[in-house]
Amino acid sequence: MMNRLFRRCILVASLCLTTVSGYSADIVDTALKAGNFKTLAAALQAADLVTALKGSGPFTVFAPTDEAFAKLPESAIQSLLKPENKGKLAGILTYHVVAGKVFAKQVVSMKGSKTINGQRVDIKSADSIVMVDGAKVVVTDIECDNGIIHVIDSVLLPSDRTIPEVAMEAGKFTTLIAAAKAAGIVDVLSGPGPFTVFAPTDEAFANLPKNAVQDLLKPENKQKLAEILKYHVVSGRVYSEDVLKLKTATTLAGLPVAIAVSNDKVSINNAKLLATDVDAANGVIHIVDAVLMPPAKTVDARRTLEHAVTLGSGLFNAGHHEACAQLYEGTMQSLSNSDMSPVLKRHMSTVLKAASNQACPTDRAWTLRRGMDQMYGQIGSNL
């Protein structure tokens, strides 16, 4: 115990010495001079991040000591330092870095912070102890030329699992995973994204009308199911603090969901947020207590488009290109005057304007048809 305390004092003293006279060293040099960050320095070198962290920044770094790295299996460290694992190592190291200069007095008032890795670290403060994920902050506010260092006693490990993998491991999204497989969107949600998913629990699906889930899982309802699931997904990582600032968020279905805050409780349409900020390698999950159902108008619009394309294709193939263009134009104008989402209305307005500038009926028909196909993809087809 005394030996560890002695080493801690030496660490604090050495770090403090690097910050006098206007803290003339950057983050990397400060850590090197301290002497207790040799593994971190080697890892930064292997991940080609030294130059970045010697840049202007500013950055806030939660820096694990050599003792922190020693808690990991030796084989794990050796594996991470191999050239073929450079990307994974960079992902871990950037998970320790936050953009900007965040002092300890600010950290203690935070619940989390987004790292330059893209994922978010959780922060908890109690009884003068600050925890970042599972790591304890042992030294704070070491100022450098290009930022600030807070020393932690464990290495932070970001999630390396995709959204479907995180959901499957949780054990309470069995129906959601089954639906994603039936709709053919698991591969997409396993892709790079990033995505934000408002994930209904099994209980939420159980609250739907009797046999509703069984019907949706039928092959003939694949498109309808995909449309419903897309209505739960937003492009990008939208963490809880960002959600609170929004009134709406546009989903991958091309339709917005309404966001409301009342008595510190957040609702997405009619669903309540049960838990937030569940990180995945390619996004974030917020858990909701109800299935979000897109407005019925999307189904009606899809059928209108299908009918128009069927009739228009027949006219076009018979050589009646002007009649085909007029049919497509009339269909889009009628839909743009209906209660469609702002995103789809802007899309239709752009297509109609482009078509109006084309004198050739063949070109006009094709422009309108492509616009209708894109619209159909936004509101009804698979991801």
Side-chain angles (χ1 to χ4, degrees), residues 12 15 19 23 27 30-31 37 40 49 52-53 55-65 68 91-160 166 194-198 234 236-247 249 259-268 272-287:
V12 174
L15 286 168
T19 62
Y23 34 90
I27 287 171
T30 299
F37 299 98
L40 177 60
L49 291 175
L53 286 181
S56 58
F59 305 106
T60 296
V61 177
F62 295 101
T65 62
I92 292 172
L93 294 175
T94 53
Y95 188 59
H96 292 74
V97 184
V98 172
K101 218 171 185 179
V102 187
F103 288 91
K105 63 182 180 181
Q106 297 169 280
V107 172
V108 296
S109 64
M110 299 166 68
K111 292 184 178 179
S113 183
K114 188 174 181 179
T115 69
I116 63 173
N117 161 288
Q119 295 187 43
R120 182 181 184 272
V121 290
D122 294 323
I123 298 173
K124 295 180 181 179
S125 302
D127 300 326
S128 300
I129 295 175
V130 179
M131 303 293 293
V132 180
D133 280 357
K136 182 179 178 181
V137 179
V138 294
V139 181
T140 63
D141 292 346
I142 301 159
E143 294 192 64
C144 312
D145 279 349
N146 63 340
I148 191 165
I149 296 173
H150 304 302
V151 184
I152 54 178
D153 70 352
S154 298
V155 177
L156 308 178
L157 296 173
S159 175
D160 60 356
V166 171
F195 304 108
T196 297
V197 177
F198 296 105
V234 174
R237 293 179 188 268
V238 186
Y239 286 98
S240 56
E241 58 265 31
D242 302 315
V243 171
L244 293 174
K245 299 174 186 176
L246 301 174
K247 291 185 178 179
I259 300 171
V261 182
S262 178
N263 298 324
D264 295 327
K265 293 183 179 179
V266 182
S267 61
I268 311 296
K272 294 179 182 177
L273 279 180
L274 300 177
T276 62
D277 303 326
V278 181
D279 258 319
N282 64 337
V284 60
I285 298 172
H286 303 304
I287 303 172

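What you see below is based on every heavy atom in this structure, not just the backbone, and it leaves out hydrogens, waters and symmetry mates.
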pair I268-I259: side-chain heavy atoms closer than 4.5 Å: yes
Taking every non-hydrogen atom, the tightest pair across A135 and S154: CB-O, 3.7 Å
Return all side-chain donor-acceptor pairs below 3.5 angstrom for residues 114-121, not counting sequence neighbours, or 'none' if the list is empty.
from, atom 1, to, atom 2, distance (Å)
T115, OG1, N117, N, 3.3
T115, OG1, Q119, O, 2.8
N117, OD1, Q119, N, 3.1
N117, ND2, G91, O, 2.7
Q119, OE1, S159, N, 3.0
Q119, NE2, S159, O, 3.0
R120, NE, E241, OE1, 3.2
R120, NE, E241, OE2, 3.4
R120, NH1, D122, OD1, 3.2
R120, NH1, D277, OD2, 3.4
R120, NH2, E241, OE1, 3.3

Gap between atom CG of D279 and atom OH of Y239 - 0.5 Å precision: 3.5 Å
Atom of I152, atom of A68 and distance for their closest heavy-atom approach: O-CB, 4.1 Å
Flag side-chain contact, heavy atom, 4.5 Å: I92 against L157: yes
G134 to M131 - nearest heavy-atom pair and separation: O-CE, 3.5 Å
pair T30-F37: side-chain heavy atoms closer than 4.5 Å: no
Pairs touching residues 109-139 that satisfy ring-ring contact (aromatic ring centres under 6.0 Å, His included), sequence neighbours left out: none
Those residues that, when tested against A52, pass side-chain contact (heavy atoms from CB on, under 4.5 Å) (two or more places apart): none
Nearest non-hydrogen partners of V132 and V137, listed with the distance: CG2-CG2, 3.8 Å
Contact check, side chains of F195 and V234, non-hydrogen atoms, under 4.5 Å: no
Minimum heavy-atom distance G147-P58, with the two atoms named: CA-CB, 4.2 Å
Test item: N146 side-chain N/O and I27 main-chain N/O as donor-acceptor pair under 3.5 Å: yes
Non-hydrogen side-chain atoms of P64 and L156 separated by less than 4.5 Å: no
Rounded distance [0.5 Å steps], CG in D141 versus CD in Q106: 9.0 Å
S262 side-chain N/O to K265 backbone N/O, donor-acceptor pair under 3.5 Å: no
All pairs passing ring-ring contact (aromatic ring centres under 6.0 Å, His included) where residues 115-146 contributes a residue, at least two apart: none
pair I149-C144: side-chain heavy atoms closer than 4.5 Å: yes
Contacts of type ring pair (Phe, Tyr, Trp, His ring centres under 6.0 Å), residue F198, not counting sequence neighbours: H286
V107, V108, V102, D133 screened by side-chain contact (heavy atoms from CB on, under 4.5 Å) with I123, the one that passes: V107
Pairwise side-chain contact, H150 with V130, heavy-atom cut-off 4.5 Å (strictly under): no
Contact list for residues 109-145, test ring-ring contact (aromatic ring centres under 6.0 Å, His included), sequence neighbours left out: none
Donor-acceptor pair, side chain of T60 and main chain of G100, under 3.5 angstrom: yes
Nearest heavy-atom neighbours spanning D242 and L246: O-CG, 3.4 Å
I287 side, atom CD1; T276 side, atom OG1 - distance, nearest 0.5 Å: 9.0 Å
